[in-house]
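Data block below; observations after.
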Protein chains: 2
Amino acid sequence: MSQLAGPIARQSLHDAVTARLRDMIVEGEYPPGSRLPERVLCETFGISRTPLREALKVLASEGLLELAPNRGARVAGLTADDVDELFPVMGALEALAGELACARITDTELAEIRALHYQMVLHHKRGERPPYFDLNQQIHEKILEAARNPTLTASYTNLSGRIRRARYTANIDAARWAQAVAEHEEMLEALDTRDGGRLAEILKRHLRNKCETVKAALAAGAEEAAKDKMVITDDKIFIPTP
Amino acid sequence: MSQLAGPIARQSLHDAVTARLRDMIVEGEYPPGSRLPERVLCETFGISRTPLREALKVLASEGLLELAPNRGARVAGLTADDVDELFPVMGALEALAGELACARITDTELAEIRALHYQMVLHHKRGERPPYFDLNQQIHEKILEAARNPTLTASYTNLSGRIRRARYTANIDAARWAQAVAEHEEMLEALDTRDGGRLAEILKRHLRNKCETVKAALAAGAEEAAKDKMVITDDKIFIPTP
DNA sequence: GAATTAAAAATTGTATGCAATATGCAATCA
DNA sequence: TGATTGCATATTGCATACAATTTTTAATTC
């Protein structure tokens with residue numbers, strides 16, 4: 001049966017604007033703490049206030065926005081305390097993903113991860129950060145996919161969206177980058193042998209190390225100094241080329 | 001400074017109706033699959049459609065409701081597959097809570113949990129199920145509190161809210177009840193010695209056993225046979241006295 | 001010039017209205 | 001009798017209106 005014969009997919013305005021706004025926040029379009037006035041957003045998106053307000057409520061319940069009665073929406077900040085809360089939870093979730101992935105991964109999926117890994121390592125060797133982080137993220141996403149637990153994926157995605165909003169000026173140093181690559185090497189090995197317990201431990205450690213990197217950057221006041229959009233990923237902090 | 005001098009707490013209609021409706025769903029007021037027409041809910045709560053619609057959107061993003069364009073809100077169902085997804089995630093989160101609690105718990109908190117535990121055991125010896133489950137839940141909540149990670153608590157609470165909506169006819173058998181009590185004994189011991197790793201393992205096992213109980217009840221078609229509100233808790237399935 | 005007050009403007013929360021869509025029921029056809 | 005069609009009714013999505021609250025600006029006082 002062709003695609004033409006299936007049901008016609010529909011998306012409400014509310015769903016569309018929720019997704020759009022979420023992406024914009026996660027991508028750093030609005031810095032932490034910034035006000036999001038309804039009227040401005042309605043003009044930006046060309047819609048009425050009703051679906052926009054519904055979207056704001058949903059994003060607030062996801063932790064991306066802060067709402068207080070009569071005070072409008074504000075992009076939630078990210079403090080070192082927030083980071084200290086988020087990373088252990090994400091670590092636990094990613095460790096579970098690792099265990100489940102080892103139990104459920106197909107040979108094809110494993111080969112895909114391996115291919116991504118070696119491309120990523122090549123970029124590290126060449127010192128190419130943007131493609132490195134891209135591949136790095138893909139690997140983590142593939143592991144979550146291989147876990148085949150949508151509830152887990154949703155929970156993890158929601159939390160990681162909050163982290164990706166942070167902004168920093170500093171790249172991690174070469175030592176930490178090399179360490180991250182080594183951790184990825186261990187991860188691949190554990191996946192290869194389908195050793196779920198081991199992969200879980202590696203992922204937890206990996207996340208702990210990332211937590212320290214993020215906090216160090218926060219402590220350096222990097223968030224306030226940053227003027228450009230920056231994206232955090234696992235093993236490095238990417239500064240887009242202007 | 002007295003309470004009178006602090007800021008005046010305000011709650012929007014939206015927040016109030018969201019919380020009310022969430023509680024009603026979690027408590028089983030609306031069976032899985034049931035339609036929640038806007039007009040009916042507006043009459044029930046005595047409010048206009050706007051804050052109600054906003055609440056529906058939030059509860060949908062929490063997984064308690066299902067929304068599709070032009071089809072209104074439906075209470076989300078809970079299948080064996082859902083249960084298979086939820087419990088490992090909850091297990092991972094509760095294991096993390098156990099680790100963090102062992103690192104952070106005060107002597108006072110530990111004494112509180114111990115007191116709750118022994119009361120609970122007494123109810124088990126007397127075969128008193130309602131108070132047993134109440135205390136049981138309090139113990140789990142105390143452990144989460146002792147973990148001092150609001151993000152973790154929020155994530156766990158959201159997931160556990162979905163499970164509490166299930167309904168069943170069967171009580172667990174005496175063997176499983178005794179097993180659950182034994183697991184709680186182990187939990188208290190691990191807490192006492194502040195052995196986070198051990199507590200994490202016990203909690204994971206505890207959740208796995210609970211998962212099997214829930215699935216068995218689901219498989220028995222208990223959900224459809226149930227006519228009265230029933231609440232699942234850890235170690236038994238409580239049928240309220242009519 | 002700083003502090004205070006009042007007024008104007010902007011923003012937010014909620015209610016209501018209108019159009020589009022879905023559902024239910026009755027009539028018609030094969 | 002079952003299937004199809006048409007119409008009426010109900011429900012949902014979104015826009016708009018109104019009132020309440022907050023913020024900003026201007027005027028006044030010390």
Leu56(B) CG to dG13(D) C1', in whole Å, measures 13 Å
The salt bridge (charged side-chain N to carboxylate O under 4.0 Å, His left out) partner of Glu62(A) among Arg162(A), Arg22(A), Lys57(A) is Arg22(A)
When rounded to whole Å, the CZ to P distance for the pair Arg10(B) and dT14(C) reads 12 Å
Side-chain atoms of Glu38(A) come closest, of dG13(D), dA15(D), dT12(C), to dT12(C)
Strictly distance-based, threshold 3.5 Å: is any side-chain N or O of Asp82(A) a donor or acceptor partner for the main-chain N or O of Thr79(A)? yes
Rounded to whole Å, the CZ-C1' distance (Arg74(A) to dT12(C)) equals 14 Å
note: Arg39(A), atom CZ; dT23(D), atom P; distance rounded to Å ~ 16 Å
Taken to the nearest whole Å, CG/Asn70(B) to P/dT23(C) is 9 Å
### Message
Side chains of Ser12(A) and Asp15(A): any donor to acceptor distance under 3.5 Å?
### Response
yes
Only residue of Glu112(B), Gln137(B), Glu109(B) satisfying side-chain contact (heavy atoms from CB on, under 4.5 Å) with Lys142(B) is Glu112(B)
note: Arg53(B), atom CZ; dT16(C), atom P; distance rounded to Å ~ 16 Å
Atom CG of Leu41(A) and atom P of dC14(D) are separated, to the nearest Å, by 16 Å
Of dT11(C), dG13(D), dT16(D), the nucleotide closest to the side chain of Arg49(A) is dT16(D)
Of Arg35(A) and Thr50(A), the one whose closest nucleotide on DNA chain C sits nearer the 5' end is Arg35(A)
By nearest-nucleotide position on DNA chain D, the 5'-leaning member of Arg71(A) and Glu54(A) is Glu54(A)
In whole angstroms, the gap separating P of dG13(C) from CZ of Phe45(B) amounts to 20 Å
* Under 4.0 angstrom, heavy atoms only, what part of the nucleic acid is Ser12(B) near: base, sugar-phosphate, or nothing? -> sugar-phosphate
